[in-house]
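Values below: every heavy atom of this structure, side chains too, minus hydrogens, waters and symmetry copies. Letters A, B, ... are given to chains in the order of the sequence lines, protein chains preceding strands, and every chain is numbered from 1. Fair warning: this is a prediction, and the values are worked out from it, not measured in the lab.
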Protein chains: 2
Amino acid sequence: MAIKDSNTEQLIKDTAKRIFFAEGKLHATTQDIADAAGVSRTSLHYYFRSRDLLLKQVFNDALTGLTKQLYALMEAEMDFKEKIRQLIDLFLTETIAFPYREIFLITEMLDGDADIYVQKEKGASKMAAFLKQIEAEMEMGTISKMDPTQFMMNIMALNSHPLVMRPLHKQMFNLTDAEYMKKMDERKKIICDLILK
Amino acid sequence: MAIKDSNTEQLIKDTAKRIFFAEGKLHATTQDIADAAGVSRTSLHYYFRSRDLLLKQVFNDALTGLTKQLYALMEAEMDFKEKIRQLIDLFLTETIAFPYREIFLITEMLDGDADIYVQKEKGASKMAAFLKQIEAEMEMGTISKMDPTQFMMNIMALNSHPLVMRPLHKQMFNLTDAEYMKKMDERKKIICDLILK
DNA sequence: ATATTGTTTGACAAATTTGTCAAACAATAA
DNA sequence: TTATTGTTTGACAAATTTGTCAAACAATAT
């Protein structure tokens, strides 16, 4: 038997992720993906049976990739402000690598008008625990008081949004790519300053 | 001649906007749009010739809808902090009505891998003028100093992102729709507080 | 060597989506 | 009335996208 030395399956999935998460081509066809991976479209069907099943795997990987490290950091034992700083750093790094991952998730959830994907998100309890910690730190005066959920939403928004909106913001603010990335680098400090009072 | 009493053309375009901007169904077909508008797909072709031309109109309307009121407010003469407050209010109101309008623009720009749309954005000068005003106010100490572009990005991010991410945030934070909208209402004040030092 | 198993692909078929056209229809003008 | 013009649609055609299948291929086991 020919054992898979090149691992085509992983190559196809990684290529799909690159196209969807990094390049933001949400309308990509199986042909687009196969071409980008340098394999025939039939290979894609051999490993994933259908476009739909490939997308389901990509979807689940997106959810995992988005939450896994995040939740791990939330549970970590360390100085609270330092934890927030690392959270912002992690979020920004991930978003630079995969700016459109969240959007992929959202659009996939919305156009199969079902909330079929809602399950298995057992991370909600970890988030809840972290929200409690935030609240406690607010009571202690480490950071200024507000609804902890809003606090988290602020962090996510400040990190994600500018990277997603890059094509639009580039012309609104009349920026080159180099200037844009420079601003994104500077953002880490700006966000920390804004969030940490 | 039969003058258009019902204005099917506008109905079709408005329906398309609703599907794309409000419902976030970025993969909607011409059939989806025609069905939702209660007309035949042929009518859509009668008025717009092709799917592509309809989308181009919708795209331009999205750009206009996003920037027109915004730029008008930026140019208005009024107390600076009040202007910022109204800016946040306008942004939030618009985003609640059309959460996925920006995403539609972005994905359309990205998957026709060209920057064909880049032109005609003559609003960049208005934005530049407003950035200058922000900088001046920072010098005067009205708000704390930072890169004015980053200041604007912060406002946009804090407004838009949570509404776009609603399907995901709902389960991450374990919220009902009612709870979610309540938080969105509360956000106006939270964002003002955060932005206006 | 041959057999066996897994991989890859081209050629074909099915399904979906988009585009075209002529006919039916409605409303007013003459 | 009939004619004219604009609107709407069903039926058909074309194009695109997805899915299937048998054959070719590669690598190892016997």
Side-chain angles (χ1 to χ4, degrees), chain A residues 1-21 23-61 100 104 107-108 110-114 116, chain B residues 1-21 23-61 100 104 107-108 110-114 116:
Chain A
M1 55 181 162
I3 220 165
K4 39 185 172 184
D5 50 341
S6 53
N7 208 344
T8 306
E9 183 169 1
Q10 195 60 41
L11 169 66
I12 293 172
K13 206 202 280 183
D14 286 346
T15 304
K17 289 181 189 175
R18 195 189 77 219
I19 291 176
F20 289 127
F21 306 165
E23 299 175 15
K25 308 203 172 175
L26 302 190
H27 305 314
T29 66
T30 51
Q31 190 68 257
D32 295 331
I33 297 168
D35 287 351
V39 299
S40 78
R41 201 169 49 77
T42 318
S43 282
L44 190 149
H45 280 90
Y46 175 73
Y47 287 106
F48 300 95
R49 301 195 62 80
S50 72
R51 178 183 205 274
D52 208 55
L53 286 173
L54 169 59
L55 284 204
K56 272 190 171 38
Q57 285 200 31
V58 169
F59 183 93
N60 286 328
D61 287 6
Y100 306 103
F104 172 83
T107 56
E108 286 301 313
L110 288 174
D111 72 17
D113 55 1
I116 314 173
Chain B
M1 56 178 161
I3 221 166
K4 39 185 173 184
D5 50 341
S6 54
N7 207 344
T8 306
E9 183 169 2
Q10 196 59 42
L11 170 65
I12 292 172
K13 206 202 279 185
D14 286 346
T15 304
K17 289 181 189 174
R18 195 189 77 220
I19 291 176
F20 290 128
F21 306 166
E23 299 176 14
K25 307 204 174 175
L26 302 190
H27 306 313
T29 66
T30 51
Q31 190 68 256
D32 294 331
I33 297 169
D35 287 351
V39 300
S40 78
R41 200 168 50 76
T42 317
S43 283
L44 189 149
H45 280 91
Y46 175 72
Y47 287 106
F48 300 95
R49 302 194 64 79
S50 71
R51 177 182 205 274
D52 208 54
L53 285 174
L54 169 58
L55 283 204
K56 273 192 170 37
Q57 285 200 30
V58 170
F59 182 93
N60 285 329
D61 287 5
Y100 306 103
F104 172 83
T107 55
E108 286 302 313
L110 288 174
D111 72 18
D113 54 1
I116 313 172

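In DNA chain C, consecutive stretches of 3 or more Watson-Crick or G-U wobble pairs with both distances under 3.5 Å are given as paired ranges: C:1-30 with D:1-30.
Pairs of residues two or more places apart, or lying in two chains, that qualify as side-chain hydrogen bond (donor to acceptor under 3.5 Å, both in side chains) and include a residue from residues 30-42 of chain B are T29(B)-D32(B).
Under 4.0 Å is where a charged nitrogen must lie from a carboxylate oxygen, and between R18(A) and D14(A) no such pair does.
Considering every non-hydrogen atom in both A37(A) and L11(A), the closest pair reads O-CD2, 3.4 Å. The shortest heavy-atom contact between A16(B) and V58(B) is CB-CG2, 4.2 Å. Nearest heavy atoms, K13(B) versus F48(B): CB-CZ, 4.1 Å. Closest approach of L110(B) and E23(A) over heavy atoms only: CD1-O, 3.7 Å. The two atoms that bring F20(B) and A28(B) nearest to each other are CE2-CB, 4.0 Å, heavy atoms only.
In this structure, T29(A) does not reach the dT17(D) phosphate: none of its side-chain N or O atoms is under 4.0 Å from OP1 or OP2. Between dC21(C) and Y46(B), no contact under 4.0 Å exists linking OP1 or OP2 to a side-chain N or O.
Distance CG (N7(B)) to P (dA26(C)): 20 Å, rounded to an integer number of Å. dG6(C) atom P lies 14 Å from atom CD of E9(A), rounded to whole Å. Look at OH on Y47(A): it is 12 Å from C1' on dT9(C), rounded to the nearest Å. Rounded to an integer number of Å, the gap from CD of Q31(B) to P of dT9(D) is 12 Å. Taking atom CD1 of I33(A) as the reference point, atom C1' of dT17(D) lies 12 Å away to the nearest angstrom. Rounded to a whole Å, the CG atom of D32(A) is 11 Å from the C1' atom of dT16(D). Atoms CG (D52(A)) and P (dG19(D)) sit 8 Å apart, rounded to a whole Å. Rounded to whole Å, atom P of dT18(C) lies 14 Å from atom CG of L53(B).
H27(B) and H27(A) have perpendicular rings, their planes meeting at more than 60° on a 0 to 90° scale where under 30° would count as parallel.
Ranked by how close their nearest DNA chain C nucleotide is to the 5' end, A28(B) and G38(A) are led by G38(A).
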What are the atom names and distances for every N/O pair under 3.5 Å that joins the protein to nucleotides 10-15 of chain D?
{"residue": "dG10(D)", "atom": "O6", "partner": "T42(B)", "partner atom": "OG1", "Å": "2.8"}

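Which of dG19(D), dT8(C), dG19(C) sits closest to the side chain of H45(B) comes down to dG19(C).
Using a 4.0 Å heavy-atom distance criterion, S43(A) is classed as a base contact.
Here the CZ atom belonging to F21(A) is positioned 7.0 Å from the CG atom belonging to D61(A), to the nearest 0.5 angstrom.
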